[in-house]
Amino acid sequence: MHLPKVDWRVLVCRNRARPRAVIILWLACQNRLATKDRMGKFGVVTDLKCLFCRCNEDVQHLLFECCYTKKIWETVLGWLNVNHSVQGWSEERKWLERICRSKNWRSKFVQVAIAEMIYAVWIERNKKVFNRDYREGLVVDSIIDNTVNRIWECPKYRDRIAKLLVI
């Protein structure tokens with residue numbers, strides 16, 4: 001049986017991020033995250049507003065159009081010394097697919113960072129939705145910590161991670 005290859009496979013396959021982060025990334029790539037917009041189509045929720053900025057919440061908005069999540073991704077990219085103007089999810093995914101096709105160290109770091117970022121945003125969003133222990137401001141540190149921990153497991157990248165941590 002021959003199945004077509006999808007462009008986002010370079011983001012998900014061989015990603016060193018935590019498995020739970022890769023699964024959330026995989027769901028986001030397929031537009032299957034249970035956002036308020038998606039749940040509204042099933043009649044589960046009536047308030048379709050983003051809890052971070054009060055715009056309509058869908059995957060496109062939640063991941064990179066929301067001012068809150070856009071700022072998080074800009075900060076993570078700044079830490080990685082990647083000069084990039086953040087756009088919406090569709091454009092960002094195309095950029096990520098192009099970057100992650102490369103075999104260099106930076107592409108591997110970006111691959112892990114995007115999975116960890118989307119997972120962290122999803123968790124923060126859910127904490128806020130379900131009124132659990134929500135504390136704004138710790139998200140970027142969590143993303144960087146998890147990215148460092150996952151990449152540190154591969155000895156050939158330790159030198160690069162050490163340089164990023166010193167800066």
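In this chain, residues are counted from 1 in sequence order. The structure displayed is predicted, hence computed values, not measured ones.
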Completion exercise
In terms of heavy-atom contacts, Thr147 and Ala113 come closest through OG1-CA, 3.7 Å

Exercise for the section: Kindly say whether Ser142 contributes a backbone atom to a donor-acceptor pair with the side chain of Glu116 at under 3.5 angstrom? Expected result: no

Practice task
Quick one: pull up CG in Leu63 and CD1 in Ile114 and give me the separation to the nearest 0.5 Å.
Solution key: 7.5 Å

Handout entry: Validation row: Asp58, Arg38 side chains within 4.5 angstrom (heavy atoms)
Key = no

Problem - NZ-SG distance between Lys70 and Cys53, expressed to the nearest 0.5 angstrom - result: 11.5 Å

Practice task
Say whether, by atom type as modelled, one donor and one acceptor occur between the side chain of Ser107 and the main chain of Ser102 under 3.5 angstrom.
Solution key: yes

Handout entry: Connected via hydrophobic side-chain network under 4.5 Å: Tyr68 and Leu48
Key = no

Problem - Ala115 versus Asn15, closest heavy-atom pair with distance - result: CB-ND2, 3.7 Å

Exercise for the section: Look at the side chain of Arg16 and the backbone N and O of Ile151, then say whether any donor-acceptor pair between them is shorter than 3.5 Å. Expected result: no

Handout entry: Min side-chain heavy-atom separation Arg106-Asn81 under 4.5 Å
Key = yes

Practice task
Please check if atom CZ in Arg20 has more than 12 non-hydrogen atoms from other residues, nucleotides or ligands closer than 6.0 Å.
Solution key: no

Exercise for the section: May I ask you to check whether over 12 heavy atoms, not counting those of Arg14, lie within 6.0 Å of atom CZ? Expected result: no

Handout entry: pair Ile118-Trp89: side-chain heavy atoms closer than 4.5 Å
Key = yes

Handout entry: Nearest-0.5 Å distance, NE2 of residue His84 to CG of residue Leu96
Key = 7.0 Å

Handout entry: Set of residues satisfying side chain to side chain donor-acceptor pair (under 3.5 Å) with respect to Thr75, sequence neighbours excluded
Key = none

Fill in the blank from the handout: Rounded to the nearest 0.5 Å, the CD1 atom of Ile123 sits from the CD1 atom of Ile24 at a distance of 6.5 Å

Problem - Donor-acceptor contact present, side-chain Arg125 to main-chain Leu51, <3.5 Å - result: no

Fill in the blank from the handout: For Lys36 and Asp47 the tightest heavy-atom approach is CD-O, 3.2 Å

Completion exercise
Interatomic distance, CG@Leu165 vs CZ@Arg160, rounded to 0.5 Å, equals 13.5 Å

Handout entry: Heavy-atom side-chain proximity of Leu62 to Trp122 below 4.5 angstrom
Key = yes

Handout entry: Carboxylate-amine/guanidinium contact Lys127 Glu124, below 4.0 Å
Key = yes

Exercise for the section: Provide the closest heavy-atom pair for Phe52 versus Cys66 in the form atom of the first, atom of the second, distance. Expected result: CB-SG, 3.6 Å

Problem - Any donor-acceptor N or O pair under 3.5 Å, side chains Trp73, Glu92 - result: yes

Problem - Stepwise side-chain contact (heavy atoms from CB on, under 4.5 Å) test for Gln60 and Glu91 - result: CA-CA 10 Å; Gln60 180 78 8; Glu91 297 83 12; 3.8 Å; yes

Practice task
Can you establish whether the number of heavy atoms outside Asn83 located under 6.0 Å from its atom CG is more than 12?
Solution key: no

Handout entry: Shared hydrophobic cluster for Val45 and Val129 (ILVMFWY, side-chain gaps under 4.5 Å)
Key = no

Completion exercise
Rounded to the nearest 0.5 Å, the CE atom of Met117 sits from the CD1 atom of Ile72 at a distance of 6.0 Å

Problem - Joint cluster assignment, Val140 & Val110, ILVMFWY side-chain distance < 4.5 Å - result: yes

Practice task
Run the numbers on Asp7 and Arg101 for side-chain contact (heavy atoms from CB on, under 4.5 Å), then give the verdict.
Solution key: CA-CA 10 Å; Asp7 293 333; Arg101 284 192 206 299; 4.1 Å; yes

Exercise for the section: May I ask whether Trp95 and Trp8 are part of the same hydrophobic cluster, defined by side-chain heavy atoms of I, L, V, M, F, W, Y residues being less than 4.5 angstrom apart, directly or through others? Expected result: yes

Exercise for the section: Taking Gln111 for its side chain and Cys100 for its backbone only, find out whether a donor-acceptor pair lies under 3.5 Å. Expected result: no

Exercise for the section: May I ask you to decide if Val6's main-chain N or O and Arg9's side chain share a donor-acceptor pair within less than 3.5 Å? Expected result: yes

Practice task
Grab the two heavy atoms, one from Cys55 and one from His61, that are nearest each other, plus how far apart they are.
Solution key: CB-CE1, 3.6 Å

Practice task
Any ring-ring contact (aromatic ring centres under 6.0 Å, His included) involving residues 96-117? Give me the pairs, sequence neighbours left out, ordered by first then second residue.
Solution key: Trp105-Phe109, Phe109-Tyr157

Handout entry: More than 12 heavy atoms of other groups within 6.0 Å of Trp79 CH2
Key = yes

